[in-house]
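Throughout, a chain's letter reflects where its sequence line sits, starting with A, and its residues are numbered from 1.
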There are 2 protein chains.
Amino acid sequence: MAPKVSEEYKRQKKAELLRAAKQVFIKKGYTNATMQDILEEAGVSRGALYAYFDNLEHVYIELLRHEDQQDILSFTPDDELTSWQQFTSWLDKQRMQIKQIDQSLLVANSEFFLSVKENKSGYPYITDRYQRLVEVFIAFVQAGAERGDLAPRFPADSIARFLISFIDGLMLDTAHLGQDNTDVDEQCDLLLFSLKEMLRPVAAEEKP
Amino acid sequence: MAPKVSEEYKRQKKAELLRAAKQVFIKKGYTNATMQDILEEAGVSRGALYAYFDNLEHVYIELLRHEDQQDILSFTPDDELTSWQQFTSWLDKQRMQIKQIDQSLLVANSEFFLSVKENKSGYPYITDRYQRLVEVFIAFVQAGAERGDLAPRFPADSIARFLISFIDGLMLDTAHLGQDNTDVDEQCDLLLFSLKEMLRPVAAEEKP
DNA sequence: AGTATAAACGACACGAGTGTCGATTTTCAA
DNA sequence: TTGAAAATCGACACTCGTGTCGTTTATACT
């Protein structure tokens, strides 16, 4: 039963197909994308694509997994920086993501999660990603609190969810309306203001 | 050229079809709904439905218009109440909407706006609704400021967009994850906290 | 080189939904 | 009551995408 091509080859081929799929999903979103689109974009036959993926949903799931690796979820821990500085730099990354929404999977993601909802199967990825982000943030807040960097007024998980909801909403609205209408930078400043009130970071000057 | 049924009859029939459509959209969302579903739900023939609407997109647009009338956009102006009280009562309504997300069009709306985005036609409804809500909120803040009820720290339109993005995000996340995971009440409390910091309402006790 | 194996191909049958259109029924007005 | 207009019906032809499967091609091992 020895395979006729190396595992490495298959791995690469799959990655190649996923790259094509990503382009398609970025361009057409999830709901309007088809297997057809993907196999054309990849320049590959029907049979080839179906040898790797059963259907569009599976392609998307695999793509999610694949992208998850280079994910932006983590607050990069860095003892050189105050908690607040770490947070602002994380938020910067998010801001950039939203600004480049046309070149990202953010819209397709929302579409996917919304339209797949009915499917009783209920992919765990959805809740998992959310939970993971909540947990990362909780850890971040706790670390900050222990360092005396933060004096949060609310439970860390509440603040985390607040943060996520706002970012998701800003993303959604920006996808609908374009950046000119939502003004991402300004909105992120307001978010910073709110989070500052919630987390009460010790000002950098007071710290050293 | 007198029509064979009254205008009133046609109006009612259309409303009836829209009622059926609404049920379908609530149950299946936008992307998974079909004209077929609607005509079955309405108990009407293919030809009848197509006599009133060209296609699914048109049905949805019409439904949006129809629903817009009994819309929740407005802050009910009431001089008996402080601005802050008016705001909390508005937020209560929003909270209820999100909690009843399974019986509302919120999810279908998101789906529609996301999946229709590509269509260069660019329905004005999307931006219009957003702008209208922003304007209503701006008026509310200005009124409050003039009454000495509010002392906002930021431009009213920024705060309005912040508010909308958060609500939209909370809605989206709740649709994805269910209320147990997002805790709508708690999140609304955090929003109240943030808005309080931004708007600096004069406390009720200080006012009379 | 030769050959077994499986990767890649693409024609095909199928299903689901669409929008149309001639036939049929209903309605209103005379 | 009657008949013309139009509302409703539902069969039909069409489109688009799906997933399968027998065939062809490429690979790696001997």
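In this model, the phosphate group of C:dA8 is not approached by any side-chain N or O of A:Ser45 to a distance below 4.0 Å at OP1 or OP2. Under 4.0 angstrom from either OP1 or OP2 of D:dT8 there lies at least one side-chain N or O belonging to B:Lys13.
Here the C1' atom of nucleotide D:dT8 and the NZ atom of B:Lys14 are 17 Å apart, to the nearest Å. Atom CD1 of B:Ile38 and atom P of C:dG17 are 12 Å apart (whole Å). For the pair B:Glu57 CD and C:dG19 P, the computed distance is 10 Å after rounding to whole Å. For the pair B:Glu7 CD and C:dC28 P, the interatomic distance rounds to 13 Å; values are reported in whole Å. When the P atom of C:dA16 is taken as reference, atom CD of B:Glu40 falls 12 Å away, rounded to whole Å. Between the CZ atom of A:Phe53 and the P atom of C:dA8 there is a distance of 12 Å, given to the nearest Å. As rounded to whole Å, 9 Å separates atom C1' of C:dT26 from atom OH of B:Tyr9.
For A:Arg153, the salt bridge (charged side-chain N to carboxylate O under 4.0 Å, His left out) partners at least two apart in sequence or on another chain are A:Glu197. Not counting sequence neighbours, the partners of B:Asp157 by the side chain to side chain donor-acceptor pair (under 3.5 Å) test are B:Arg161. With sequence neighbours excluded, no residue satisfies salt bridge (charged side-chain N to carboxylate O under 4.0 Å, His left out) with A:Glu146.
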Hey, can you pull the donor-acceptor pairs under 3.5 Å for the side chains in residues 40-49 of chain B, sequence neighbours left out?
| residue | atom | partner | partner atom | Å |
| --- | --- | --- | --- | --- |
| B:Ser45 | OG | B:Gly47 | N | 3.4 |
| B:Ser45 | OG | B:Ala48 | N | 3.2 |
| B:Arg46 | NH1 | B:Gln36 | OE1 | 2.8 |

Seminar exercise, completed: Under a 4.0 Å heavy-atom criterion, the protein footprint on nucleotides 11-24 of chain D, written with B, S and -, is B-----SBBB----
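Across all strands, A:Tyr52 comes closer than 4.0 Å only to sugar-phosphate atoms, never to a base (heavy-atom distances).
Here side-chain hydrogen bond (donor to acceptor under 3.5 Å, both in side chains) pairs that include residues 163-172 of chain B, with residues two or more places apart or in two chains, are A:Asp173-B:Ser165.
Proximity of A:Tyr60 to A:Asn109: side-chain heavy atoms (C-beta onward) are separated by under 4.5 Å at one or more points.
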